[in-house]
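Here's the structure we're looking at; comments come further down.
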2 protein chains.
Amino acid sequence: MNIGEVSQRTGLPAKTIRYYEDIDLVTPQRAENGYRAFRESDLHKLTFLGRARALGFTIEDCRTLLALYEDSERESAQVKALAQEHLHAIDDKIAQLQSMRATLAHLVHACHGDDRPDCPILGDLAKGALR
Amino acid sequence: MNIGEVSQRTGLPAKTIRYYEDIDLVTPQRAENGYRAFRESDLHKLTFLGRARALGFTIEDCRTLLALYEDSERESAQVKALAQEHLHAIDDKIAQLQSMRATLAHLVHACHGDDRPDCPILGDLAKGALR
DNA sequence: CCTTGACCTTCCAGTAGCTGGAAGCACTAT
DNA sequence: ATAGTGCTTCCAGCTACTGGAAGGTCAAGG
């Protein structure tokens with residue numbers, strides 16, 4: 001299977017797939033013409049990676065998950081721990097964004113947004129500044 | 001005012017302040033010894049930048065906001081539009097994270113997380129893969 | 001006067017995770 | 001033979017910093 005087909009079937013850009021090879025997440029074989037020759041197992045790994053990335057796992061997390069995935073001796077507790085940690089990170093991020101959102105929404109609401117220059121948004125950003 | 005004091009008073013790392021000078025967000029004067037000499041107005045700009053960044057505005061947004069801040073002829077509508085656009089971006093991000101969170105929470109919940117290898121988290125990530 | 005230590009300077013490199021583009025070979029169809 | 005697509009490698013760039021090395025400057029203490 002050439003990279004184009006893999007790209008189509010996984011939904012990952014070819015560039016990304018090459019990059020994943022570069023950082024040793026997949027190691028496709030090579031055809032005689034120098035083209036990458038992907039096996040089904042490579043396709044599965046890439047699908048796996050695509051999903052894990054879509055869930056927001058970092059590349060390094062993905063590497064770990066992939067290793068666990070390939071390790072039939074793994075303890076599911078390890079996977080769960082990693083996922084849970086990531087879940088907390090997501091929660092933190094959501095909380096942070098929501099706090100930003102609240103402040104910003106308040107400011108946007110307060111700004112009349114017309115052709116005059118006075119603007120509570122800028123006012124708030126400059127708070128603490130004398131001018 | 002030297003960079004150390006500015007750093008303390010704005011809460012921004014000195015490195016960041018130098019970086020902001022590098023990309024022309026602030027242009028402090030120089031003392032004879034080559035040290036950066038910040039005026040009050042630089043401090044205000046940096047405070048402004050710190051707050052805008054804390055609200056998640058990109059550096060380029062900050063540049064625009066700063067220009068509007070300094071422009072007494074501005075129309076507040078421009079500021080409001082920028083803020084609103086950013087608000088939408090934040091909403092999108094929150095929605096995306098919440099969707100991730102839901103999926104992940106479900107998987108975490110489903111995984112018993114013990115010393116056995118079977119793990120619905122890995123199972124789901126591999127979905128579509130035969131193995 | 002000299003040294004120590006804190007503070008400042010510049011410059012280079014690296015972070016995460018790709019993405020774009022150039023130059024050039026391989027393959028397919030006409 | 002040629003055109004067009006797909007593949008290859010390599011280099012650079014993106015965001016917004018951050019870390020570290022090598023070295024100049026300044027104030028205080030002995």
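The chains referred to below are lettered A, B, ... by the order of the sequence lines, with proteins before strands, and numbering in each begins at 1. None of the values given here were measured: they were computed from a predicted structure.
- Residue contacts for A:Ile3: at a heavy-atom cut-off of 4.0 Å it reaches the sugar-phosphate backbone alone, with no base atom in range.
- Proximity note for B:Tyr20 (side chain, C-beta onward) versus D:dT8, D:dC17, D:dT18: the nearest is D:dC17.
- The backbone N or O of B:Leu68 sits less than 3.5 Å from a side-chain atom of B:Arg74, completing a donor-acceptor pair.
- Residue-to-nucleotide proximity on DNA chain D shows that, of B:Glu60 and A:Arg30, the 5′-proximal contact is made by A:Arg30.
- Here the C1' atom of nucleotide D:dA16 and the CG atom of B:Asp22 are 12 Å apart, to the nearest Å.
- Few gaps surround CD on A:Glu70; more than 12 heavy atoms of other groups in view lie less than 6.0 Å from it.
- For the pair A:Glu75 and B:Arg116, the salt-bridge criterion is not met [side-chain N within less than 4.0 Å of a carboxylate O].
- Across the helix from C:dC1-D:dG30 to C:dT30-D:dA1, the helix axis at one end is tilted relative to the axis at the other end by 30° (nearest 10 degrees, each axis from five pairs).
- Between the C1' atom of D:dT8 and the CD atom of A:Glu32 lies a distance of 16 Å, rounded to the nearest Å.
- The closest side-chain heavy-atom distance from B:Ile3 to B:Tyr35 is not below 4.5 Å.
- No hydrogens or angles were tested; on distance alone, a donor-acceptor pair under 3.5 Å links the side chain of B:Tyr35 to the base of D:dG24.
- Atom-to-atom, CD of A:Gln8 to P of D:dG6 comes out at 9 Å; the value is rounded to the nearest Å.
- Of the candidates D:dC17, D:dC7, D:dT9, D:dC17 carries the atom nearest the B:Ile59 side chain, counting heavy atoms from C-beta on.
- In this structure, the NZ atom of A:Lys15 is 14 Å from the C1' atom of D:dC14, given to the nearest Å.
- Ranked by how close their nearest DNA chain C nucleotide is to the 5' end, A:Tyr19 and A:Asn33 are led by A:Tyr19.
- Inspection of the B:Ser76 and A:Asp118 side chains reveals no N or O donor paired with an N or O acceptor under 3.5 Å.
- In this structure, B:Arg53 and B:Ile59 have side chains that are in contact, with non-hydrogen atoms separated by less than 4.5 Å.
- The CZ-P distance, from B:Phe57 to D:dA16, rounds to 13 Å in whole Å.
- Residues A:Leu12 and A:Ser7 fail the side-chain proximity criterion, which asks for heavy atoms closer than 4.5 Å.
- The separation between B:Glu21 atom CD and D:dT18 atom C1' is 17 Å, rounded to whole Å.
- B:Lys93 has its NZ atom 13 Å from the P atom of D:dT15, to the nearest Å.
- If you take CZ of B:Arg63 and C1' of D:dA16, they are 12 Å apart, rounded to a whole angstrom.
- When distances run from any side-chain atom of A:Arg18 to the nucleotides C:dC11, D:dT9, C:dG20, the shortest one goes to D:dT9.
- Not one side-chain nitrogen or oxygen of A:Thr16 sits closer than 4.0 Å to the OP1 or OP2 atom of C:dG17.
- When the side-chain nitrogen and oxygen atoms of A:Arg53 are compared with OP1 and OP2 of C:dG17, one or more of them lie within a distance under 4.0 Å.
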